[in-house]
Amino acid sequence: MDPVADAMVGLPDLGGQSSLRGQVADALRKALATGTLRSGVVYSAPTLADEFGISPLRSARP
């Protein structure tokens with residue numbers, strides 16, 4: 001099995017949190033808990049961003 005998952009189906013909808021970062025974090029936790037995403041598998045940030053319908057860009061942190 002390929003360790004990089006390039007196509008995911010059924011990720012949880014974003015919602016419930018006020019910040020986009022919080023929404024994505026919650027959705028990723030739910031996806032791991034339900035088995036939609038598997039622990040130990042490397043998922044690409046651009047692919048995950050596309051699945052969530054968001055930009056894969058990250059803000060700079062000091």
*If every non-hydrogen atom of Leu48 is compared with every non-hydrogen atom of Tyr43, which pair is closest and at what distance?*
CD1-CB, 3.8 Å
*Sequence neighbours excluded, which residues qualify as side-chain contact (heavy atoms from CB on, under 4.5 Å) partners of Ala25?*
Arg29
*Mind listing the closest non-hydrogen atom pair of Ala49 and Ser55 along with its distance?*
CB-C, 4.0 Å
*Calculate, to the nearest 0.5 Å, the distance between atoms CG and CZ belonging to Leu28 and Phe52 respectively.*
4.5 Å
